[in-house]
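Reminder, nothing fancy here: chain letters follow the sequence lines and each chain counts from 1.
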Amino acid sequence: MSVLLFLFLGALLQKFGLVAVLFLVTLGIAAYSTYGERKVAAFLQDRVGPDRAGPFGLLQPIADGVKMFMKEDFIPQGSEKWLFILAPGIFIFVALMTGAVIPWGTTLTLFGANIDLQVTDINIGILYILGFTSLGVYGIMIGGWASNNKYSLYGAIRASSQMISYELAMGLSVIAVVMLTGTLSLRTMAEMQSGFNWTVIYQPLGFLIFFICALAECNRAPFDLPECETELVGGFHTEYSSMKLGFYLFAEYINMFISSAVIATVYFGGYNFPFVDPAWLGGLMGPVVLFAKIFFFIFVFMWIRWTLPRFRYDQLMHLGWKVLIPLAILNMLLTGAGVLWFES
Amino acid sequence: MTLAIFLTLAVIAVITALLVVLSRNPVHSVLYLILTFFTIAGLYILLNAQFLAVVHIIVYSGAIMVLFLFVMMLLNLNKDTEPQKSNLWKIGGAVAAGMLLVTLVGAMRGGIELQAAAQPNSQVGLVENLGKVLFTDFVVPFEIAGILFLAAMVGAVLVGKRDLKL
């Protein structure tokens with residue numbers, strides 16, 4: 001009995017440690033993504049970028065964080081006070097929850113103990129991610145509505161219609177992957193892509209649709225209409241200041257990190273790489289490979305943001321409903337036909 | 001442990017469901033309804049029906065309630081614009097709801113006696129078993145439901161395009 005209890009407590013402690021590490025890594029990457037974004041923007045615009053705080057401006061995210069905390073925290077008159085406070089919390093909570101089902105590596109051997117590098121392997125992992133992405137819109141909608149400002153409300157309404165439209169195409173492109181792999185678990189998907197057997201080879205169109213939808217779900221340029229500053233001042237976060245604004249901006253980078261992780265896991269082999277065993281370095285090679293892929297996709301996200309101009313609203317809706325959804329359905333049919341052909 | 005989780009979820013579900021009806025602000029009502037859906041999704045997980053729970057969250061909390069909220073925000077309903085209804089309507093509503101309650105209680109009472117005999121399979125809610133059951137035993141109702149959705153979609157398009165030439 002006591003041995004069982006001890007094992008249970010050990011497993012619990014392991015999971016707790018994993019969650020804490022994941023939380024801190026996510027926050028750290030989100031913070032340094034802001035630095036990366038500014039450096040990439042500077043590179044693309046032939047500037048230097050932040051270089052004052054610390055060597056190469058490396059302390060800039062910390063300086064920004066301190067600035068966010070020190071600013072006046074303002075709650076506008078006529079706003080729904082509690083919802084106004086709650087909304088950024090919901091947004092960042094939903095963004096942080098998604099990391100739980102991503103397999104970050106195989107097993108890590110640390111002090112003789114084997115640690116599974118995944119918080120939980122539920123058998124509906126990909127649906128869990130889709131579920132939490134669909135909830136992300138509440139943080140924006142509640143915040144935009146509670147601000148009692150017409151620009152915020154416009155931003156919120158744009159965000160909700162955009163996210164609902166692109167979720168459909170995203171779900172349809174994921175269905176094709178599910179048909180191909182026959183599983184909803186992200187761990188099994190990653191295991192099936194060992195070596196160079198990556199899903200993107202079988203699903204190039206599906207990957208393209210998923211990637212465009214991921215850009216739209218993260219509200220990144222060229223899909224950043226909810227915070228279109230030339231029309232809507234600041235969009236849904238016009239009335240937000242101090243760390244509440246910080247939460248919104250931070251959650252955007254967390255979303256970007258998690259989307260990159262999902263893209264890398266579902267389409268680009270996860271922790272697998274040709275001629276590299278993820279069990280090397282005591283299991284640390286898997287996370288190294290996966291994070292290299294994630295950083296590459298974060299860079300692509302930034303590259304697109306600083307290259308493409310913003311869509312007009314009707315173009316956005318046209319692309320979502322009349323281009324991506326029919327293409328995703330076509331992709332689904334082709335995948336189904338392919339699976340049947342090779343099975344028989 | 002399971003009973004404690006069930007009771008917590010059930011109490012929150014009942015309280016939030018009451019708040020949906022009782023709160024004056026329609027946007028608050030929608031937000032409470034979302035909370036109710038979350039507690040119900042938790043109850044599904046307790047029944048080992050993970051797929052149903054996640055689909056419930058994606059479809060109801062993630063899509064339908066967003067559209068509800070969308071419409072509520074666009075209409076911007078508040079106390080000033082809410083039409084003042086006479087007491088007759090309130091009494092009528094209370095009588096109708098009471099009759100529905102009597103019907104539901106009667107139906108539930110009949111159901112409980114039937115339930116005791118059946119042996120529920122705890123694995124039936126998992127996605128593989130659910131898919132197999134849907135495409136073998138229940139394939140006809142499943143396809144009919146699909147056609148029903150298609151008809152609803154066509155109807156929605158028709159309503160949306162009033163000057164459609166047929």
Identify which part of [X] has an atom lying under 4.5 Å from any heavy atom of chain B, answering side chain, backbone, both or neither.
{"X": "A:Leu168", "value": "neither"}
{"X": "A:Ile164", "value": "side chain"}
{"X": "A:Phe132", "value": "neither"}
{"X": "A:Thr183", "value": "neither"}

### Query
Side chains of A:Thr133 and A:Glu167: is there a donor and an acceptor less than 3.5 Å apart?
no
### Heavy-atom contact with chain A under 4.5 Å, split by part of B:Val54
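Only the side chain of B:Val54 comes within 4.5 Å of chain A.
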#### Entry: Structural part of B:His28 lying under 4.5 Å from a heavy atom of chain A
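When you check distances to chain A, only side chain atoms of B:His28 fall under 4.5 Å.
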### Message
Filter on side-chain hydrogen bond (donor to acceptor under 3.5 Å, both in side chains), then keep only pairs touching residues 33-46 of chain B, sequence neighbours left out; what's left?
### Response
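Non-adjacent pairs meeting side-chain hydrogen bond (donor to acceptor under 3.5 Å, both in side chains): B:Thr16-B:Thr36.
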### Message
Closer than 3.5 angstrom, by distance alone: can the side chain of A:Gln162 be matched with the main-chain N or O of A:Glu217 as a donor-acceptor pair?
### Response
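It does not hold such a pair.
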### Message
Evaluate B:Ile57 against B:Phe37 for side-chain contact (heavy atoms from CB on, under 4.5 Å), listing each step before the verdict.
### Response
CA-CA 7 Å; B:Ile57 285 180; B:Phe37 282 147; over 6 Å; no
### is_close_aromatic(A:Tyr240, A:Phe247), centroid dist under 6.0 Å
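Distance test on ring centres: not under 6.0 Å, no.
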### Query
Out of A:Ser134, A:Ala156, A:Ser161, which one racks up the most heavy-atom pairs below 4.5 Å with chain B?
A:Ser134
What pairs of donor and acceptor atoms, side-chain ones from residues 130-142 of chain B against any protein atom, are under 3.5 angstrom apart with sequence neighbours left out?
from, atom 1, to, atom 2, distance (Å)
B:Thr136, OG1, B:Lys132, O, 2.6

